[in-house]
Amino acid sequence: MNFDTFNLNPGVMDGVRALGYSTPTPIQLQAIPPIIQGHDLIGLAQTGTGKTAAFVLPILHHLISSPHGQVRALILAPTRELAEQTDTVITGLGQKTGLRNMAIYGGANMEQQIQKLRNGVEIVTACPGRLLDHLWKGSIDLSNLEILVIDEADRMLDMGFLPDIKNILKCLMQKRQTLLFSATMPANIRRLAEEIMHKPVTVQINPTTTAATVSHTIYSVEDSQKTSLLKDILEYTKTESVLVFTRTKYRAQRIAQQLKNTGCRATSLQGNLNQNQRQLAMEGFCNGSVKVLVATDIAARGIDVLSITHVINYDMPGSMDDYIHRIGRTGRIGKVGQAFTFVTAKDAAMERDLRHLLDKGKTEYHTVQYKERIEKPQRQGVIRNKPVYVPRKAFSTV
Ligand code: AMP
């Protein structure tokens with residue numbers, strides 16, 4: 001099966017070739033035909049499945065015949081990183097279409113955004129807050145909108161964007177095509193879909209389980225041993241880019257610093273950074289100068305770095321939906337990945353949920369009891385030496 005099956009406009013196909021896509025991914029196979037036919041669509045797919053191209057290609061195909069300088073497609077994204085990434089995919093796939101696109105998000109220069117809008121743009125990818133600023137200012141006109149995409153809808157609602165989305169919807173024509181993508185389908189998303197969509201087609205990829213290309217390991221560990229375990233893993237496992245998740249901004253900052261102190265190319269991505277620092281951290285991680293990124297869930301949303309070989313849950317995620325999102329960062333198209341999750345006695349309930357999730361998806365996983373080996377004191381008074389690595393085979397597999 002190749003992209004010819006979709007009969008996309010030749011200008012759009014040029015973009016597909018330029019990005020080197022040869023075979024459509026399952027979400028693309030399922031979603032592109034109904035979107036081209038004009039149906040509303042709910043796409044249940046996590047990041048890493050090729051979902052962006054699944055909606056971008058039909059949008060380009062639809063708009064290419066008559067670009068006219070007005071905003072005709074709008075993609076709502078929860079974070080600026082995701083908005084930028086989506087805009088980059090549009091630029092790549094749309095490079096021979098003559099269509100113009102831009103990303104709109106807070107923290108960037110408003111005047112520059114207004115100028116770009118004035119020059120004429122057909123496809124806008126926006127974060128809800130800044131888009132509303134433009135709507136209130138009258139600097140964006142959405143009265144010609146034909147296609148609306150709500151991307152990562154579950155994240156969007158988690159982040160409290162529902163009122164903003166509702167306000168944006170008030171400014172849109174009723175007659176439009178609406179596409180909603182989400183990794184999970186909690187009741188609030190189902191309700192939103194019922195309210196705003198017309199007879200949507202639903203397509204589903206790996207509904208509630210984790211990517212098949214990822215292997216999972218659960219480490220039972222004491223809270224105080226987590227950092228040594230992390231250092232051991234980084235030292236003795238063959239990794240490319242590694243994404244480490246922590247529960248709080250402070251922990252992300254602290255752990256990144258501890259890793260840096262051992263000479264590891266690590267940095268943190270968390271809410272205490274300003275826009276410039278976030279961008280630097282992301283750029284470093286994308287170009288490989290930063291090998292280990294320690295992040296909170298919110299900061300890591302939308303990260304799309306193909307070289308991520310390992311996702312390490314230093315702290316257990318708050319829900320299984322978060323687990324699916326975190327793990328979705330590795331094992332992306334054509335790659336394999338590993339997920340390591342540190343669990344302490346306090347995480348018992350969440351650990352049960354995780355095992356249930358993995359069992360349900362018939363996903364194989366290992367459980368490892370981490371025992372930090374402490375060298376015998378050499379002489380009296382030395383209580384504890386630097387922890388020594390326990391070779392993998394010495395970890396007892398339960
Ligand atoms: P997404 O799920 O949209 O974040 O896409 C994940 C990654 O897969 C991105 O780096 C895309 O450029 C890439 N991708 C999307 N579709 C294809 C395809 N058909 N073949 C190869 N790579 C793809």
Side-chain angles (χ1 to χ4, degrees), residues 1-8 12-33 35-36 41-61 73 75-95 101 103 123 125 127 149-156 179-184 203-207 209-214 240-241 243 282-283 285-288 300-309 311 321 324-337:
M1 192 71 87
N2 60 32
F3 280 91
D4 293 336
T5 33
F6 303 127
N7 279 326
L8 292 167
V12 180
M13 281 304 289
D14 285 344
V16 171
R17 275 187 290 273
L19 293 204
Y21 297 174
S22 54
T23 315
T25 65
I27 185 75
Q28 291 162 3
L29 279 175
Q30 289 190 47
I32 292 176
I35 302 177
I36 288 181
L41 179 130
I42 298 174
L44 288 171
Q46 65 201 67
T47 315
T49 54
K51 69 174 167 62
T52 314
F55 61 79
V56 169
L57 289 171
I59 289 176
L60 295 170
H61 175 79
I75 296 128
L76 293 177
T79 63
R80 37 197 145 181
E81 284 82 8
L82 183 65
E84 266 189 355
Q85 273 163 26
T86 303
D87 188 57
T88 306
V89 172
I90 298 169
T91 305
L93 291 173
Q95 55 189 273
N101 53 288
I123 309 171
T125 307
C127 294
V149 182
I150 303 180
D151 196 11
E152 301 211 349
D154 48 357
R155 287 274 162 235
M156 203 93 87
L179 314 173
L180 181 146
F181 285 81
S182 190
T184 55
V203 297
Q204 195 161 354
I205 303 298
N206 267 348
T209 58
T210 51
T213 46
V214 180
E240 287 180 48
S241 302
L243 186 54
M282 274 305 295
E283 275 167 23
F285 196 50
C286 289
N287 67 29
R301 271 166 203 164
I303 286 183
D304 176 19
V305 177
L306 272 178
S307 58
I308 298 177
T309 52
V311 169
D321 286 354
I324 293 171
H325 273 286
R326 287 181 177 188
I327 298 317
R329 312 289 167 208
T330 186
R332 318 205 51 174
I333 295 159
K335 302 256 182 183
V336 289

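Note that these values count all heavy atoms, side chains included, but never hydrogens, waters or copies made by symmetry. As the structure lists them, so they are numbered: ligands from 1, and atoms in each ligand from 1. A quick note: this is a predicted structure, and the numbers were derived from the prediction, not measured.
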Enquirer: Main chain of E81, side chain of E84: is a donor-acceptor contact present, judged purely on distance under 3.5 Å?
Expert: no

Enquirer: Counting from 1, what ligand 1 atoms have a heavy atom of T23 closer than 4.0 Å?
Expert: 18 (C), 19 (N), 20 (N)

Enquirer: What atoms of ligand 1 come closer than 4.0 angstrom to any heavy atom of T49?
Expert: 2 (O)

Enquirer: So does S241 get a backbone contact from the side chain of S307, meaning a donor-acceptor N/O pair under 3.5 Å?
Expert: no

Enquirer: With heavy-atom distances below 4.0 Å as the criterion, list the atoms of ligand 1 near T52.
Expert: 1 (P), 3 (O), 4 (O)

Enquirer: Give, for atom CD1 of I36 and atom CD1 of I59, the distance between the pair rounded to the nearest 0.5 Å.
Expert: 11.5 Å

Enquirer: So does T49 get a backbone contact from the side chain of T25, meaning a donor-acceptor N/O pair under 3.5 Å?
Expert: yes

Enquirer: So between F3, F181, Y21, whose heavy atom ends up nearest atom 17 (C) of ligand 1?
Expert: Y21

Enquirer: Is it true that N101 and T91 share a donor-acceptor pair across their side chains at a distance under 3.5 Å?
Expert: yes

Enquirer: Backbone, side chain, both or neither: what part of V89 comes under 4.0 angstrom of ligand 1, heavy atoms only?
Expert: neither

Enquirer: Would you check whether S22 has a nitrogen or oxygen atom less than 3.5 angstrom from a nitrogen or oxygen atom of ligand 1?
Expert: no

Enquirer: Of the backbone atoms (N, CA, C, O) and the side-chain heavy atoms from C-beta on, which set of Q28 has a member under 4.0 Å from an atom of ligand 1: side chain, backbone, both, or neither?
Expert: side chain

Enquirer: Quick one: does any side-chain atom of E152 pair with a main-chain N or O of P78 as donor and acceptor, under 3.5 Å?
Expert: no

